[in-house]
Amino acid sequence: MIFAYLLTRFAQSMFTLLNRVLSNKVVKQGFLKLVLLDGPTLPHSFLNYIFLSKEAYLNGAIEAEILHHERAHVQQRHTLDLLFVELLRAIFWVNPMLNFYRQAMVLNHEFLADDEVLMEGQSTFEYQHLLLCHSVSPVKLALASQFNYSFIKKRFVMMHKQTPRSRALILKFTVLPLLLASLYMFSDNIMAQAPRPEPVHAANPMRDQKQYEPRAGIPDRELEEYKALVEKYRSKATPNGDVKVSDADRKRLVMLDKTMSKAQQGTLNFMILEQSGVLPRNPPTEADIEKYKDPNIYGVWIDDRRVPNDELENYQASDFSQVYLSRLWGKARNVRGKYKYKFQLDLMTTDHYEAYRKETLERNKDTMYLRTRRKPVSN
């Protein structure tokens, strides 16, 4: 009976995640699939899906570091670990040590994802500030890799912990016999990340935005003006929430939305928001460019044009504004015996990205998004 209950709960978690994918808009971004959810939610991942707040994504309010964190969960296939241990817990429910094992495994997933973010040169202090700002999570799914955990203090300690390579090797060989002797002892041995480079203080539009400054708000008459504009177009919205708005009304709606306070937004039942659909900037690093030169691993496209890998010798990382990396599986890796690489790499130069961005904005310039606010939020 206990096994049946745990297996049913496991199936319900799978169904909940699948239902979110099928019932919400999905945006492909390379090998990732972004699932845009209505209402407030913190980013979390399952397989190659990252679940995001639709409003925050369309408004560009999701920090690049958070997306990088969730992308690390996907790239390192942490979902497979979670699925495996949840099945073990259902079958061997009588063994309480599996609960300790799962907790240690999930905590180690967070260490690895945090390390991926900090290895890009992000300031530890700034990243910890982001974690604190997102410390209360509405997501409670056992199978999802979530951005927030109750043991956030351990993650902060680990971010400042440096383990020399020789000591790390000793720890590995020490843990091995303990793992064979006791599962509990294994869960208590957690290895710190390798030393990371100093933060690079480069310009980053998403990081430099002042996202936490409180807004003063707008006068009551302007708030009433906003409500009147929303009512003007509300009946014209499609089932997906798309609504065509005149250029003058669009500019006015955007201006009022950007200046009204959170408390004022909380009084609204409906809002009309911008939706650009433009992919955010995602430039590679110099280390990435060197790595991409290997033709046995990467097939390279630059500005939608297939090029040999050695053409990257003519570029620097700063020449690109967007990079997509998708893994090839099965027959896709061997089309008529011609292609042997494991990943398809799509790079956009800065000029190409700007042209794509301008074209996308122009295409959607008269379309906005009607959002229903189910629950008011406080400032």
Side-chain angles (χ1 to χ4, degrees), residues 9-87 89 102 105-117 120 130-131 134 136-149 206 240-241 275-282 322-330 332 342-346 369 371:
R9 190 176 65 173
F10 176 85
Q12 287 177 337
S13 296
M14 293 284 291
F15 177 80
T16 299
L17 289 165
L18 179 62
N19 185 56
R20 288 187 175 184
V21 173
L22 296 177
S23 59
N24 292 278
K25 183 177 180 180
V26 178
V27 177
K28 292 185 179 180
Q29 191 177 106
F31 66 95
L32 299 176
K33 295 181 180 179
L34 309 182
V35 182
L36 306 183
L37 306 178
D38 293 324
T41 185
L42 283 182
H44 53 285
S45 59
F46 178 76
L47 296 176
N48 64 330
Y49 294 95
I50 297 181
F51 299 84
L52 306 170
S53 166
K54 186 174 185 178
E55 178 187 6
Y57 175 78
L58 295 177
N59 290 337
I62 299 177
E63 297 86 352
E65 292 79 10
I66 296 181
L67 288 175
H68 192 173
H69 179 101
E70 294 303 322
R71 185 167 67 245
H73 281 307
V74 173
Q75 290 175 327
Q76 296 175 22
R77 298 183 178 85
H78 291 166
T79 300
L80 300 182
D81 293 341
L82 289 170
L83 290 172
F84 177 70
V85 78
E86 286 298 326
L87 282 174
R89 290 176 70 198
R102 183 189 186 282
M105 182 192 71
V106 172
L107 182 58
N108 195 55
H109 285 174
E110 294 305 303
F111 291 159
L112 293 171
D114 290 340
D115 191 48
E116 281 291 317
V117 176
E120 291 296 320
L130 286 178
L131 289 178
H134 294 277
V136 180
S137 173
V139 182
K140 299 296 179 185
L141 292 173
L143 301 181
S145 295
Q146 304 175 44
F147 189 76
N148 176 65
Y149 284 94
M206 297 193 69
N240 293 329
Q275 58 173 23
S276 66
V278 177
L279 295 174
R281 296 180 188 275
N282 180 32
Q322 180 61 238
V323 53
Y324 296 111
L325 192 62
S326 56
R327 188 179 183 89
L328 302 180
W329 301 94
K342 300 177 181 179
F343 297 91
Q344 178 171 321
L345 173 69
D346 293 277
Y369 171 69
R371 185 174 71 84

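On a predicted model such as this, the values are computed, not experimentally measured, just so you know.
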side-chain contact (heavy atoms from CB on, under 4.5 Å) assessment of Phe46 paired with Leu83:
CA-CA 10 Å; Phe46 178 76; Leu83 290 172; 4.3 Å; yes

So, for [X] and [Y], which heavy atoms are closest and what is the spacing to 0.1 Å?
X	Y	value
Asn48	Phe31	ND2-O, 3.2 Å
Glu70	Pro43	OE2-O, 3.4 Å
Arg71	Ile50	N-CD1, 3.9 Å
His44	Arg20	NE2-NH1, 3.1 Å
Val74	Ser45	CG2-CB, 4.0 Å
Ser326	Gly30	CB-C, 4.5 Å

For the atom pair [atom1] ([X]) and [atom2] ([Y]), what is the distance rounded to the nearest 0.5 Å?
X	Y	atom1	atom2	answer
Leu34	Gln29	CG	CD	5.0 Å
Leu325	Asp346	CG	CG	9.0 Å
Lys33	Leu47	NZ	CG	10.0 Å
Leu37	Ser23	CG	OG	8.0 Å

Do [X] and [Y] come close enough that some side-chain heavy atom pair is under 4.5 Å?
X	Y	answer
Leu67	Leu52	yes
Met105	His78	no
Phe10	Arg89	no
Phe51	Val21	yes
Arg102	Leu82	yes
Glu110	His69	yes

Short side-chain to backbone donor-acceptor contact, Asn24 and Val35, under 3.5 Å
no

With sequence neighbours left out, what residues match Gln12 under side-chain contact (heavy atoms from CB on, under 4.5 Å)?
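Gln12 satisfies side-chain contact (heavy atoms from CB on, under 4.5 Å) with Thr8 only.
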
